Every structure is written in C-alpha cells, then in structure tokens.
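Just so you know, residue 1 is the first one in the sequence shown, and it goes up from there. Just follow the structure's listing: the first ligand is 1, and inside any ligand the first atom is 1. Predicted model, so just to flag it, every value in this text is computed and none were measured.
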Amino acid sequence: MKAPVRVAVTGAAGQIGYALLFRIAAGDMLGKDQPVILHLLEITPALPALQGVVMELNDCAFPTLAGVVATDDVNVAFKDVDYALLVGARPRGPGMERKDLLEANGAIFGPQGKALNDHAKRDVKVLVVGNPANTNALIAQQNAPDLDPKCFTAMVRLDHNRALSQLAEKTGKHTTQIKKVTIWGNHSSTQYPDLHHATVDGKPALNLVDQAWYENDFIPTVQQRGAAIIKARGASSAASAASAAIDHMRTWALGTEEGDWVSMGIPSDGSYGIAPGVIYGYPVTVKDGKYAIVQGLEIGDFSRARMDATDKELREERGGVEHLFAKK
Ligand code: NAI
C-alpha cells in the first residue's frame with residue numbers, strides 16, 4: 001500500500017456526495033493500492049446528517065479508507081489536501097435571477113478558492129461539480145493567486161459519458177468501442193458535443209449515422225439530458241454525476257488511454273480561438289498527472305459556430321462575476 005492521500009469533498013451530505021464518497025473510499029477513483037483520508041465539508045445545519053454518512057463509511061470497513069475528517073470549517077477541510085471535489089453549491093431557487101445565482105455561488109467558491117490557496121498541497125487537483133460549474137471553478141481559481149491556475153477544472157465528463165452512451169446505443173456498439181468524443185465549452189445547454197473526430201470500432205462515427213440524427217437528435221439529447229433526468233426521477237442526476245467525477249479525477253491522476261482522449265473543463269489558453277482564461281471544455285490527454293489540450297483538430301463551420309456560442313456564454317458569465325475575483 002502507498003502512503004495515504006487526502007481527498008476533500010464539499011456538499012458531502014448531499015445526493016451526489018452519497019453516491020460519491022463510498023466509491024472514492026473503496027478505491028474506485030485512485031486505485032485499490034491507494035489509501036485515502038476523506039475530508040468532508042458541509043454547512044453547519046447538515047453536520048448531523050454528515051455524521052450519519054461518516055458512520056456508514058466506517059461501517060463499510062474499506063481497506064483503502066485511512067481516515068475521515070468531517071467539518072463545517074473550510075480551512076480544516078482543505079488542509080494539506082491532494083484532491084478537492086467541490087460539489088456543494090447553491091441551487092437556483094424560485095424566482096432567482098441568474099445574477100443572484102452567480103452571486104450566491106460567489107459567496108461559496110470565492111472563500112473556498114482562498115482556503116485552497118492557503119491550505120491545500122501546491123499541486124492540488126480541484127474539480128468543480130457544483131453548478132454553474134465552469135464559472136464556479138473560475139471564481140475559485142481567481143481567489144487562489146498562489147496556486148497554478150491549471151489546478152482548477154470543471155466537470156464536463158458527465159456530458160462526455162452521456163455522448164458515449166447515446167452513440168453506443170445508436171450504433172449497437174459498446175461505449176468502450178467509441179473513442180475521441182469531445183464536449184466543447186460550458187456544462188450547460190450551449191455545450192457542443194462533437195462527433196467529427198470520434199470513431200466507433202475504428203470507423204469514423206459520422207459515417208455510421210446520418211447528419212439529421214447527429215444534429216436534431218444526438219446533440220439536443222446530450223445537451224438536455226440533465227433536464228430529462230430531473231423530469232423522470234424528480235431529482236437531478238446523482239449517481240451518474242458521481243461516477244463522472246470519479247472518472248475525471250482518475251483520468252487526471254492516472255492518465256488517458258493510448259489513442260483516446262477525454263473532455264475536461266480547463267482554463268483556456270486561447271487554443272481553437274477560445275477566449276483565454278475561461279474554463280472551457282476541451283479534448284485533453286493526460287500523462288504523469290498533467291493534462292494537455294489535443295491540438296491540430298480540423299474545425300469546420302458547423303463546429304466553429306457552436307464552439308463560439310458556448311464561448312460567448314462563458315465570457316458573459318465571467319463578466320457577471322469579475323467583481324468576485326481577488327484583487328491582483
Ligand atoms: P444536494 O442539494 O443534494 O447537495 C448539495 C449539498 O451541498 C447539500 O448537502 C448542502 O448542504 C451542501 N452545501 C451547500 N453549500 C455548501 C457550502 N458552502 N459548503 C459545503 N457544503 C455546502 O445537491 P446534489 O444533487 O448533490 O448536487 C450538487 C451540485 O452538483 C449542484 O450544484 C448540481 O447542480 C451539480 N451537478 C453538476 C453536474 C455536472 O455535470 N457538473 C451534474 C449534476 C449535478
């Protein structure tokens with residue numbers, strides 16, 4: 001067994017938390033040879049419920065669970081952490097304007113960014129799941145001036161996995177036979193699920209499906225999948241979101257497979273003409289814990305328009321939260 005690493009999870013008593021913690025503790029995220037110490041953060045009123053979750057974690061007697069810290073103090077939660085999964089966020093309430101939502105989340109992700117800056121390991125890997133995930137990640141990053149901006153990422157892996165599943169169903173193949181799918185942009189309905197470079201069993205995906213299905217069925221289904229799940233289940237995706245968070249972190253820690261890539265929301269460096277700085281979904285490969293944007297992909301007019309639309313939304317969101325960034 002290796003030395004334990006510390007993994008922080010915020011919103012730990014919520015529904016994604018409940019689907020996530022047991023899998024992290026069981027070694028699904030970092031491997032069965034990597035013990036973890038969980039650092040669980042909740043708001044004060046949720047601490048009794050969190051204690052129940054801690055009791056259950058202990059009752060699983062997982063070989064890879066080396067300890068649990070449960071707290072409502074962000075500075076304790078992020079002390080020396082190697083990984084941080086920021087799941088807890090303020091949902092949009094009735095009558096709440098987008099501006100109010102961004103403001104309420106700024107009050108969460110600003111202080112969390114600062115606490116990561118002050119207490120986390122210098123190479124901490126941060127994944128923001130709580131919505132609006134890309135812009136919440138940007139707020140946290142902009143309050144952590146001493147950390148590498150590349151430490152901060154947002155989750156578009158659930159959208160990536162949804163795209164795999166839709167294409168597998170359509171082509172009658174398994175998701176493992178599909179490579180090089182991309183989710184560009186924001187984790188919102190403007191995201192662009194791109195199949196132009198994807199292959200199914202080694203063949204170009206777009207040769208196997210017709211353009212009308214791609215445009216009028218596949219893209220909207222992936223974009224609207226979150227809403228479809230809320231309608232069917234009466235609650236937002238939780239187990240699939242937790243599973244995607246595990247996939248995102250496992251890939252970041254352990255790397256991508258040869259001949260494939262994944263989608264991650266990462267700080268734009270201007271690649272593919274996207275505004276530098278916004279947290280944008282890109283195709284990435286990962287090696288030795290470092291991600292790199294896949295370069296040199298051909299982008300046609302169809303893709304260009306959609307990539308720009310989701311970039312525009314992210315620039316607008318950034319415009320609404322710039323006053324929450326730490327002064328430079
Ligand atoms: P939930 O409401 O069941 O749980 C959220 C938990 O966060 C609650 O227990 C709450 O007490 C806690 N919390 C709130 N503020 C906090 C703070 N400042 N510090 C620590 N904990 C805090 O929500 P659920 O279903 O677990 O979803 C969590 C977030 O994930 C939501 O914002 C949701 O929209 C988002 N989400 C993102 C997805 C993605 O693909 N990026 C997919 C699905 C959900």
Side-chain angles (χ1 to χ4, degrees), residues 8-21 38-54 69-78 84-93 96 98 101-116 126-140 143 152-163 183 185-191 193 222-230 233-249 262-266 279-281:
V9 179
T10 74
Q15 54 151 2
I16 294 177
Y18 197 71
L20 179 62
L21 300 177
L38 288 174
H39 285 219
L40 309 181
L41 180 70
E42 260 297 347
I43 52 173
T44 312
L47 285 180
L50 184 60
Q51 272 315 319
V53 177
V54 173
V69 176
T71 179
D72 59 359
D73 181 344
V74 71
N75 297 313
V76 174
F78 293 153
L85 294 91
L86 310 188
V87 178
R90 178 76 191 276
R92 189 188 287 236
M96 206 171 174
R98 180 164 198 87
L101 181 73
L102 290 169
E103 205 60 50
N105 279 297
I108 295 175
F109 288 88
Q112 289 186 357
K114 183 173 187 324
L116 285 162
V126 182
L127 167 63
V128 176
V129 175
N131 279 319
N134 300 53
T135 296
N136 286 342
L138 182 66
I139 296 170
N143 283 276
F152 290 84
T153 68
M155 190 163 94
V156 294
R157 187 65 172 265
L158 179 54
D159 311 293
H160 181 101
N161 288 347
R162 287 166 171 166
I183 304 295
N186 202 0
H187 171 67
S188 77
S189 58
T190 68
Q191 66 175 268
V222 175
Q223 287 173 333
Q224 307 293 339
R225 188 66 158 184
I229 286 168
I230 293 176
R233 219 172 75 85
S236 64
S237 0
S240 56
S243 197
I246 285 182
D247 289 345
H248 178 115
M249 284 305 211
V262 297
S263 307
M264 281 172 77
I266 59 169
I279 308 285
Y280 192 90

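Under the 4.0 angstrom criterion, atom 34 (O) of ligand 1 counts as having a protein heavy-atom contact.
Of the polar atoms of N131, at least one N or O is found under 3.5 Å from an N or O of ligand 1, judged by distance alone. Looking at ligand 1, you'll find an N or O of V129 within less than 3.5 Å of one of its N or O atoms. Note: an N/O pair closer than 3.5 Å links Q15 and ligand 1 by distance alone. In terms of polar-atom proximity, defined here as any N/O pair under 3.5 Å, T10 makes no such contact with ligand 1.
The single protein non-hydrogen atom nearest to atom 21 (N) of ligand 1 is G11 N, 3.3 Å, given as residue, atom name and distance. Nearest protein neighbour of atom 27 (O) of ligand 1, counting heavy atoms only, is I16 CD1, 3.4 Å. Here the protein heavy atom with the shortest distance to atom 28 (C) of ligand 1 is V87 O, 3.3 Å. For atom 4 (O) of ligand 1, the nearest non-hydrogen atom of the protein is G14 CA, 3.2 Å. Nearest non-hydrogen protein atom to atom 38 (C) of ligand 1 is H187 NE2, 3.7 Å. In this structure, atom 17 (C) of ligand 1 lies nearest to the protein heavy atom I43 CG2, 3.7 Å. Nearest protein heavy-atom contact of atom 8 (C) of ligand 1 is E42 OE2, 3.5 Å. The protein atom (non-hydrogen) at minimum distance from atom 19 (N) of ligand 1 is Q112 NE2, 3.6 Å.
Inter-residue side-chain proximity for F78 and L86 is flagged as met; some heavy-atom pair is nearer than 4.5 Å. Here the side chains of H248 and T153 are in contact, with some heavy-atom distance below 4.5 Å. Looking only at side-chain heavy atoms (C-beta outward), L158 and S240 come within less than 4.5 Å of each other. You'll find the side chain of V53 reaches within 4.5 Å of the side chain of L21, heavy atoms only.
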Check against side chain to side chain contact (heavy atoms under 4.5 Å, CB included), L41 and Q112: CA-CA 11 Å; L41 180 70; Q112 289 186 357; 3.7 Å; yes
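The proximity of A49 to ligand 1, defined as any non-hydrogen pair under 4.0 Å, does not occur for either the backbone or the side chain. At a 4.0 Å heavy-atom cut-off, ligand 1 touches L158 through the side chain alone. At a heavy-atom cutoff of 4.0 Å, ligand 1 is contacted by no atom of R90, backbone or side chain.
The minimum heavy-atom distance linking E42 with A12 is given by the pair OE2-N, 3.4 Å. Considering every non-hydrogen atom in both L102 and P132, the closest pair reads CD2-CG, 3.7 Å.
Near S237, the atoms of ligand 1 lying under 4.0 angstrom from a non-hydrogen atom of the residue are 43 (C). Within ligand 1, counting atoms from 1 as listed, the ones closer than 4.0 Å to a heavy atom of A13 are 9 (O). The distance from ligand 1 to the heavy atoms of S236 drops below 4.0 Å at these ligand atoms: 25 (O). For ligand 1, the atoms lying closer than 4.0 Å to a non-hydrogen atom of A241 are 42 (C), 43 (C). Close contacts of ligand 1 with I108, meaning ligand atoms under 4.0 Å from a residue heavy atom, involve 15 (N), 18 (N).
In this structure, CG on L47 lies 7.0 Å from OG1 on T71, to the nearest 0.5 angstrom. Atom-to-atom distance recorded for N186:CG and T135:OG1 is 6.0 Å, nearest 0.5 angstrom. Rounded to the nearest 0.5 Å, atoms OH (Y280) and NE2 (H187) are 15.5 Å apart.
No donor-acceptor distance shorter than 3.5 angstrom exists from the side chain of N134 to the backbone of A154, with no hydrogens or angles considered. A donor-acceptor distance shorter than 3.5 angstrom exists from the side chain of T10 to the backbone of V87, with no hydrogens or angles considered.
Checked by atom type, the side-chain pair R162/S237 shows a donor-acceptor distance below 3.5 Å.
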